[in-house]
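Heads up: the structure comes next, in structure tokens.
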Amino acid sequence: MWAIIGMLTTGVVISLFEIPPLVKKRWWREIIAYFLLLSIGMTFAVLLCLKINIPTPINWIEKIYSPVTSFVERILS
């Protein structure tokens, strides 16, 4: 529980330093991108703190390329 509170507090503190210059320069798209990336990162951090198994994209890539790999291996053998 304290790890999650620490993660969220760190995200808020980082935002307090990063957001005001962006607002001052009126870089609205950068602010949206910043919040999107920060939200994704904080979500993954909280999920890791809760020890929830997050699927990796490597499994999807292996399933996509396994037929291609076996085809190439069959050709080269």
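None of these values were measured; they are calculated from a predicted model.
Taking OG of Ser66 as the start and CD1 of Ile61 as the end, the distance is 12.0 Å to the nearest 0.5 Å. To the nearest 0.5 angstrom, Leu76 atom CG is 9.5 Å from Phe71 atom CZ. Of the inter-residue distances, the one linking Leu38 atom CG with Thr10 atom OG1 reads 10.5 Å to the nearest 0.5 angstrom. In this structure, CZ in Arg26 is found 10.5 Å from CD1 in Ile31, a value given to the nearest 0.5 Å. Here Trp60 contributes atom CH2 and Ile64 contributes atom CD1; the two are 9.0 Å apart, rounded to the nearest 0.5 Å.
Under a hydrophobic-cluster definition in which Ile, Leu, Val, Met, Phe, Trp and Tyr are linked whenever side-chain heavy atoms come within less than 4.5 Å, directly or via other members, Trp2 and Ile4 are assigned to different clusters. Leu8 and Leu37 fall into different hydrophobic clusters, where Ile, Leu, Val, Met, Phe, Trp and Tyr are joined by side-chain heavy atoms under 4.5 Å apart, directly or via other members. In the hydrophobic clustering of this structure, Ile40 groups with Ile52; members are Ile, Leu, Val, Met, Phe, Trp, Tyr whose side-chain heavy atoms approach within less than 4.5 Å, directly or through other members. Under a hydrophobic-cluster definition in which Ile, Leu, Val, Met, Phe, Trp and Tyr are linked whenever side-chain heavy atoms come within less than 4.5 Å, directly or via other members, Val12 and Ile14 are assigned to different clusters.
Both the sub-6.0 Å distance and the 45° axial angle are satisfied by Lys25 relative to the ring of Trp27.
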Exercise for review: Apply the test side chain to side chain contact (heavy atoms under 4.5 Å, CB included) to residues Thr56 and Asn59: give CA-CA distance (whole Å), side-chain angles for both, the deciding distance (0.1 Å), then the verdict.
Suggested key: CA-CA 6 Å; Thr56 65; Asn59 296 336; 3.7 Å; yes
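With a 4.5 Å cut-off on side-chain heavy atoms, Val23 and Trp28 count as touching. Between Val46 and Thr43 there is no side-chain heavy-atom pair separated by less than 4.5 Å. The shortest side-chain heavy-atom distance between Tyr34 and Ser15 falls under the 4.5 Å cut-off.
Among all heavy-atom pairs drawn from Met7 and Met42, the shortest one is O-CE, 2.7 Å. Among all heavy-atom pairs drawn from Glu30 and Leu22, the shortest one is CB-CD2, 4.4 Å.
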